[in-house]
Trainee: 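Dropping the structure in here first, questions after.
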Amino acid sequence: MTADPVITQQAPTPTQPPATVRASLSPSRAADFKTCPLLYRFRSIDRLPERPTVEQARGTLVHAVLERLFDLPPAGRTPDAAGDLVAPQWDRLVTEQPELAGIFPDDDPPAVAEFLRSASALLGGYFAVEDPRRLEPAERESLISAVVDDELLIRGYLDRLDVAPDGALRVVDYKTGGAPREAFEARALFQLKFYALVLWRTRGVVPRVLRLLYLKDAEVCDYAPDAEELVRFERTVVALWRAIEQATRARDFRPRPSKLCDWCSHQAHCPSYGGTPPPFPEPAAGPDPLRAAGASPVPPGADE
């Protein structure tokens, strides 16, 4: 299965949000709160450190390779060319994010080699579902944002935005795995609807297709939103933020145990696992959590 050809379109110039905006929210942090309010607190308010996992690092690497692949001339976007990008992009990422090197103790060469091989295998899944020689993405790894309810800035990174000759938009998100399919796909579609809402509010166009590319399984999942659905989704996002505001005022973020707990880095602080959360940050100790929480969207691939 291959994608339809698209044309290049200049990305709009970012503008400053209105002075009325007092908070921001990214799809990843919104999904955190939906999944487990305490996880949201740990990540967005307590800002507890999380050591990158091999899966997250692999996702970041694959996203980086696919972004750079489209810098090549169309005829040069081949599986071999993508494979040749893997090691250099990993070296670049480790230089820019030294914490990534820590996932391989003592710089274990065999472990690094296997890691790079596994990333290359995922690229094979990409070429099984798309032919990048026939594509010219309008935007790659771009930060988009919009204001909803006059006060809330919603924003996040698009993996890729395609624009068809007739102006239709297709939002594409690469998935390399890491969580159970049912929960992962629900979270991924929530993320894509988030992007669709931003694009609709800023460009006046409802994306025709929201596409998930599952590279490990070489599968494509397409979803077609409509304006009525995005209106309902906007209400959901605003209601979600109101719930975050209320939980912050009450300092009441409760755990919501699920299968996803197996992937959580914060079990030592979670009451469901016998842990104790750290003291709630006082306003004088840092920025207002309502204003700062979720202000920095998760980079592409880091939330796999």
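Residue indices begin at 1 and follow the sequence shown.
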Trainee: Ignoring hydrogens and angles, tell me if any N or O in the side chain of Arg187 forms a donor-acceptor pair with the backbone of Thr35 under 3.5 Å.
Mentor: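 Between the backbone of Thr35 and the side chain of Arg187 there is no qualifying donor-acceptor contact (under 3.5 Å).
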
Trainee: For residues Tyr223 and Glu229, is any side-chain donor paired with an opposing acceptor at under 3.5 Å?
Mentor: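 Yes.
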
Trainee: With clusters defined by side-chain heavy atoms of hydrophobic residues (ILVMFWY) lying less than 4.5 Å apart, directly or transitively, does Ile45 cluster with Leu39?
Mentor: no

Trainee: Of all heavy-atom pairs between Pro271 and Leu38, which one has the smallest distance, and what is that distance?
Mentor: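 Where Pro271 meets Leu38 most closely, the heavy atoms are CD-CD2, 3.6 Å.
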
Trainee: May I have all residue pairs that pass side chain to side chain donor-acceptor pair (under 3.5 Å) and include part of residues 83-92, sequence neighbours excluded?
Mentor: Gln89-Arg92, Arg92-Glu96

Trainee: Any donor-acceptor pair under 3.5 Å linking the side-chain atoms of Arg58 with those of Ser118?
Mentor: yes

Trainee: Identify whether the distance between the nearest side-chain nitrogen and carboxylate oxygen of Arg160 and Glu130 falls below 4.0 Å.
Mentor: yes

Trainee: In terms of side-chain geometry, is the basic nitrogen of Glu50 or Arg43 positioned less than 4.0 Å from the acidic oxygen of its partner?
Mentor: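 Yes, Glu50 and Arg43 are salt-bridged.
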
Trainee: Taking everything shown except Arg68 itself, do over 12 heavy atoms lie less than 6.0 Å from its CZ?
Mentor: yes

Trainee: Would you sort out whether Arg77 and Glu136 count as a salt bridge (Lys or Arg N to Asp or Glu O under 4.0 Å), showing the intermediate values?
Mentor: CA-CA 11 Å; Arg77 299 169 191 165; Glu136 281 301 336; 2.7 Å; yes

Trainee: In Å and rounded to the nearest 0.5 Å, what is the NZ to OG1 distance from Lys216 to Thr176?
Mentor: 9.5 Å

Trainee: Looking at Arg155, Arg201, Glu139, which one forms a side-chain contact (heavy atoms from CB on, under 4.5 Å) with Ile144?
Mentor: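 One option only clears the test, and that one is Glu139.
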
Trainee: Given side chains that start at C-beta, do those of Asp222 and Val220 come closer than 4.5 Å, heavy atoms only?
Mentor: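 Counting from C-beta outward, Asp222 and Val220 do come under 4.5 Å.
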
Trainee: Using modelled atom types and a 3.5 Å cut-off, is there a donor and acceptor pairing between side-chain atoms of Asp166 and backbone atoms of Ala168?
Mentor: yes

Trainee: Side-chain contact test, heavy atoms from C-beta onward, threshold under 4.5 Å: evaluate it for Tyr174 versus Tyr214 and give yes or no.
Mentor: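 No - every pair of side-chain heavy atoms lies 4.5 Å or more apart.
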
Trainee: Ion pair present between Arg140 and Glu67, side-chain N to carboxylate O less than 4.0 angstrom?
Mentor: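 No salt bridge links Arg140 with Glu67.
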
Trainee: Salt bridge between Glu282 and Arg251, side-chain N to carboxylate O under 4.0 Å?
Mentor: yes

Trainee: Check for a donor-acceptor pair, side chain of Arg51 on one end and backbone N or O of Gly102 on the other, with a separation under 3.5 Å.
Mentor: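 Pair found, side chain donor or acceptor close to backbone of Gly102.
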
Trainee: Would you say that Leu123 contacts Val65 through its side chain, given a criterion of any heavy-atom pair below 4.5 Å between the two side chains?
Mentor: yes

Trainee: Closer than 3.5 angstrom, by distance alone: can the side chain of Asp149 be matched with the main-chain N or O of Glu151 as a donor-acceptor pair?
Mentor: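 Not at all, since once roles are kept as given, no pair shorter than 3.5 Å links the two residues.
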
Trainee: Looking at Lys175 and Glu219, is there a salt bridge between them, counting it only when a charged N and a carboxylate O are closer than 4.0 Å?
Mentor: no

Trainee: Please answer whether the main-chain N or O of Arg133 pairs with a side-chain N or O of Asp131 as donor and acceptor at a distance below 3.5 Å.
Mentor: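 The answer is yes, because a donor-acceptor pair under 3.5 Å joins these two groups.
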
